[in-house]
Each structure stands twice: as structure tokens, then as C-alpha cells.
*Asks:* 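One structure coming up, written as C-alpha cells, with questions to follow.
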Amino acid sequence: MTELVSTTPGLYPLPDWAKQELSDLKGHQKHDLISGNEGADIVGAYDRAREEVVSEQTDAGLDRVVEGQLRWDDMLAHPLTVHENVETGGIVRYYDNNNFYRDPQVRGELTFSGDVAAELDATADLLGDESLQAVLPGPYSLSDLATDEHYGDEADFLDAVSEFLAGEVDAFPEHETLFLLEPSLVFSPPGEDVDERVPEAISAVSDATDADVVVHTYWGALDEKVYAHLMDADVDAIGFDFVAGDRDQTLYNVNEYGTKDDIALGLVDGQNTLVEDPATVRERVEWTLDNIQSQTFDTAYVTSNTELFYLPENRATEKLAALAAATEDELEVEA
């Protein structure tokens, strides 16, 4: 029988009080964004906000709890934008939505940072158990969003980013699961000279942890060839977006090429304020698993398709409760 595990891909909206307080403390100019060298008042505000979003997840009953990435001014690019050898350039559209990030221009070697590890250390102290889930951009998406001004070759840059992320993961506290977010595999798939190196890059990050590793893709279905290569990555699960994009293509990929022993199901809309009923989410889980004829799974991670930071705080919190309730054994679903 498949174990259902409720979780999210991280990156939550700031609590409303924190938005105002941090706006007053930080300002809104480029030089006011997170750099890793903030003063005590700003650090304290983020600490209190982190404690709140961790409590919201535990109160909701999520099986895996994330840090929330509340300090991340740049949705996926943050691990680079706070790096000492990276300069931030102009504002760039984040894929095809109405969000933007600062172009991280890598101008030197990607040495160890430890910024995300410090966030997770603080979260582990709050939890005191084994429910922690770490979240990072996958190496392909992070390299795709960045500008290389140092390594000079796309494949070498991908390798450097994967080595950097692996070094960061090695410093993480004990965690149960690691989600590597790879929307660029869907939205901006690698060319022929790089696509075969993507699974090696992902495996390098995965090999840095003993936790279960999920490569989560979203904003559509993977191209068949990209998916076939991704299956070569040494990970425990691949995550699929069953909200946006072509579900038939996703099911074709999985049924044609198989998938890992575990799977992540993006079944709650991370960008729509409509809150799904838990029974509806559970029906979606059962429908999806029934339509994968090629195998059964040890674990299915039930999650939103994208991060929840696009939503108002109250709607994000309600979706946490829906995800948690959808995985409960006693939940009744109409036939």
C-alpha cells in the first residue's frame, strides 16, 4: 500500500505583520534586499516569521515541514544572489509569470556559502524531530536562471552549480527529505549538448545527503526526451505538476518509461486562491495513481504543484490544512 506524505515545495508568503515590519526595517531599493549581512532587528523579524510558518505547518498536520524560505528575495536564485562571488544585475522576468528576480551574475568561483544551512539549522531547532524537509533549486534551474561570467562553458557552469549545491547540502542538519525544484526542465529544457549531463548534476547533489531526494518539476509536462534522461538521475522520486500543463503527456511519460519507487504529486494549485477540499485532493491522488499502470509506489508525496508564496497568507495556510487532511487514513472519499 502506498504511504501518502503531505508536504509542499517550500517558499511561503511572509506573514502580513512581517511584510510591514520588514518593509520599515529594510526599505525597497536594490541595496535593501537580503545579502546575508543583516542587522539584529531584521534577523529577529525573520526568526519570528520562521517560527510562525513552522507552527502553521505542524498545527495543520503536514508530514514534512519546510523552513519557508522567507528570506528569499529571489524565488529560486537566492543561494547565488547572497554569494560573495556573485553580483546581482537587472530585474528579469521569472519564467512567464508576473514575478521578477535579480539576475545573479557569477563572477568568481562558487565556493561554500552556508546561508541555507543556517536557515535549516534554525528550523531543526524549532522542530526537534525528523520531519524537516530541505528545499533547494535544482542545479539545472539554478544555472538556467543565472548568468555565467566566470566558467565560460554551459556544461562546466552546470557542473560548478551542482558542486556548489552539493557542498551546501553537506552542511545541512539532519533532514528527512530534500526537494530539488526544477521548473526549467519544463519551461526551458536543456539543449542536446547539456541534456545528458543534467542527471549527473542532479545526482551529484543527491549524493550529498542520506535523505530521500525528490526532483520536483512544475509549470507543465516534461518533454519525452528530457524525462527519459531525468530517469537516469540517482534520486528517490520525481515530482509532477498535475495542475498546469498536459496531464496526458505526464502520464504517458510515466507509463512509457516508468518512474522511481516513490513519486511526488502536484495536485493542489499553488497559484490559485481557491482552496481545494481535502476529499477532492484525495480523489485526485487516487485517480492519478490508478492511471499509472506501470507500477505501484512505496511513497507518494502529496503537494501543491508550485510554491505557495504566490498566495495571500490566509489562503496558503488553508491549503496546508487541505493537504494534510487529504493524506489522513480515515478520510472518507465518495465513490
Side-chain angles (χ1 to χ4, degrees), residues 10-11 29-38 69 71-95 99-120 134-172 178-209 213 215 217 226 229-230 232-234:
L11 196 54
Q29 302 305 311
K30 178 179 177 180
H31 62 270
D32 298 318
L33 298 175
I34 286 295
S35 65
N37 298 307
E38 285 64 47
Q69 298 145 276
R71 293 174 58 247
W72 291 34
D73 290 317
D74 299 288
M75 288 71 75
L76 289 178
H78 171 86
L80 290 184
T81 59
V82 297
H83 194 282
E84 63 181 0
N85 291 331
V86 176
E87 296 180 7
T88 52
I91 300 299
V92 184
R93 184 178 294 276
Y94 186 61
Y95 299 102
N99 291 278
F100 298 84
Y101 72 101
R102 296 170 298 165
D103 176 24
Q105 300 174 354
V106 178
R107 298 185 178 277
E109 185 178 356
L110 290 176
T111 53
F112 175 73
S113 166
D115 182 272
V116 178
E119 294 178 338
L120 293 174
V135 179
L136 279 176
Y140 177 70
S141 293
L142 188 56
S143 64
D144 178 55
L145 293 172
T147 299
D148 173 29
E149 301 286 357
H150 176 70
Y151 292 93
D153 177 83
E154 186 178 359
D156 290 344
F157 185 48
L158 174 63
D159 291 345
V161 170
S162 69
E163 291 174 10
F164 163 69
L165 290 173
E168 301 304 296
V169 170
D170 191 54
F172 286 0
L178 169 63
F179 261 51
L180 297 176
L181 307 185
E182 284 283 14
S184 285
L185 287 177
V186 172
F187 192 83
S188 179
E192 292 186 3
D193 54 338
V194 173
D195 58 352
E196 293 185 4
R197 302 187 69 147
V198 170
E200 296 178 7
I202 292 172
S203 296
V205 183
S206 176
D207 289 347
T209 178
V213 177
V215 176
T217 63
V226 173
H229 282 305
L230 183 57
D232 291 333
D234 183 18

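Index from 1, following the sequence.
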*Asks:* State, with a plain yes or no, whether a side-chain heavy atom of Val135 is found less than 4.5 Å away from one of Trp72.
*Replies:* no

*Asks:* By the salt bridge (charged side-chain N to carboxylate O under 4.0 Å, His left out) test, which pairs, at least two apart or in different chains, include something from residues 181-195?
*Replies:* Asp195-Lys225

*Asks:* Phe112: what forms a ring-ring contact (aromatic ring centres under 6.0 Å, His included) with it, not counting sequence neighbours?
*Replies:* none

*Asks:* Only counting residues at least two apart or in another chain, list the ones meeting side chain to side chain contact (heavy atoms under 4.5 Å, CB included) with Ala233.
*Replies:*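 With neighbours one apart ignored, the set is Pro199, Ile202, Ser203, Leu230, Val235.
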
*Asks:* Roughly how far apart are Leu165 CG and Leu80 CG, rounded to 0.5 Å?
*Replies:*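 Going from CG on Leu165 over to CG on Leu80, the span is 7.5 Å.
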
*Asks:* Under the side chain to side chain contact (heavy atoms under 4.5 Å, CB included) rule, collect the residues that match up with Val226, sequence neighbours excluded.
*Replies:* Leu185, Pro189, Pro190, Leu222, Asp223

*Asks:* Among all residues two or more places apart in sequence or in another chain, which pass the salt bridge (Lys or Arg N to Asp or Glu O under 4.0 Å) test with Asp148?
*Replies:* none

*Asks:* List the residues meeting side chain to side chain contact (heavy atoms under 4.5 Å, CB included) with Ala208, not counting sequence neighbours, and say none if there are none.
*Replies:* Ala166, Val169

*Asks:* Test of understanding: with side chain to side chain contact (heavy atoms under 4.5 Å, CB included), list the residues that count as partners of Glu84, not counting sequence neighbours.
*Replies:*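 Expected list: Thr111.
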
*Asks:* Listed by chain and number, what are the salt bridge (Lys or Arg N to Asp or Glu O under 4.0 Å) partners of Glu168, not counting sequence neighbours?
*Replies:*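 None.
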
*Asks:* Quick one: which residue pairs count as a side-chain hydrogen bond (donor to acceptor under 3.5 Å, both in side chains) with a foot in residues 152-167, not counting sequence neighbours?
*Replies:*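 Listed by first then second residue: Asp159-Arg197.
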
*Asks:* For Ser113, what residues pass the side chain to side chain donor-acceptor pair (under 3.5 Å) criterion, not counting sequence neighbours?
*Replies:* none

*Asks:* In chain order, what residues pass the ring-ring contact (aromatic ring centres under 6.0 Å, His included) check against Tyr101, with sequence neighbours excluded?
*Replies:* none

*Asks:* Apply ring-ring contact (aromatic ring centres under 6.0 Å, His included) to Tyr94 and list each qualifying residue two or more places apart in sequence or on a separate chain.
*Replies:* Trp219

